[in-house]
Amino acid sequence: GNMEIDLSEFRRKKDTRCVIGRAFDSLIGEDVAKLQAAMKEPDISNIAIEVWLKTRGITTTYTSVGTHRRGRCRCD
């Protein structure tokens, strides 16, 4: 290969966040703030958040939601 040409823009950057962390990028407008707020509310269940995300085209599991909420996922 040609070493002096920077081809980094062709290489996908590895996104190390979990599916919930990445979900924020797929949400539009106030949905981002809504999800952030819902994640902090103990009376909103992981299943409710999973269902809400599914209606917005984001497939996940309530287990993943719970893992992210507890800070035990691979997000920073």
Side-chain angles (χ1 to χ4, degrees):
N2 197 337
M3 297 313 269
E4 62 267 11
I5 298 174
D6 178 13
L7 298 175
S8 63
E9 63 191 276
F10 291 95
R11 306 192 203 297
R12 268 191 61 210
K13 310 243 180 322
K14 186 99 175 79
D15 193 339
T16 56
R17 294 173 299 166
C18 78
V19 67
I20 306 300
R22 291 194 311 268
F24 284 99
D25 294 348
S26 309
L27 295 170
I28 312 156
E30 69 175 14
D31 279 354
V32 175
K34 272 188 189 171
L35 179 57
Q36 285 169 334
M39 291 295 240
K40 291 178 186 144
E41 283 298 319
D43 63 323
I44 294 175
S45 73
N46 295 337
I47 293 171
I49 292 172
E50 174 194 351
V51 170
W52 185 87
L53 286 167
K54 275 204 175 95
T55 65
R56 284 151 181 81
I58 298 161
T59 305
T60 186
T61 64
Y62 68 89
T63 317
S64 297
V65 174
T67 305
H68 183 86
R69 283 175 118 174
R70 290 191 307 277
R72 300 250 187 242
C73 63
R74 61 177 185 263
C75 291
D76 294 334

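Numbers for residues simply follow the sequence, beginning at 1. Predicted model only: the values in this text are computed from it and were never measured. Scope of the values below: all heavy atoms of this structure, side chains included, with no hydrogens, waters or symmetry mates.
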Next on the checklist: Return the CD1 to CZ distance between Ile58 and Arg22, rounded to the nearest 0.5 Å.
Outcome noted: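 If we round to the nearest 0.5 Å, Ile58:CD1 and Arg22:CZ are 10.5 Å apart.
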
Item to check | Gap between atom CG of Leu53 and atom CG of Leu35 - 0.5 Å precision | outcome: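 If I round to the nearest 0.5 Å, the distance is 5.5 Å.
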
Can you give me every donor-acceptor pair (side chain of residues 26-34, partner residue at least two apart or in another chain, under 3.5 Å) with its distance?
from, atom 1, to, atom 2, distance (Å)
Asp31, OD2, Arg56, NE, 2.8

Checklist entry - Any idea which heavy atoms bring His68 and Cys73 closest together, and the distance? => result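 Shortest heavy-atom separation between His68 and Cys73 comes out as ND1-SG, 3.4 Å.
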
Item to check | Heavy-atom closest pair, residues Gln36 and Phe24 | outcome: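 Nearest pair, atom of Gln36 first, then Phe24: CG-CE2, 3.3 Å.
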
Next on the checklist: Can you list everything that forms a side-chain hydrogen bond (donor to acceptor under 3.5 Å, both in side chains) with Ser64? Sequence neighbours excluded, please.
Outcome noted: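 Partners of Ser64 under the side-chain hydrogen bond (donor to acceptor under 3.5 Å, both in side chains) test: Thr61.
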
Between [Y] and [X], is there a side-chain heavy-atom distance shorter than 4.5 Å?
X     : Y     : answer
Val51 : Lys54 : no
Arg69 : Ile49 : yes
Val65 : Met39 : yes
Asp25 : Arg17 : yes

Checklist entry - Under 3.5 Å, is there a donor-acceptor pair between the side chain of Arg74 and the main chain of Thr16? => result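 The answer is yes, because a donor-acceptor pair under 3.5 Å joins these two groups.
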
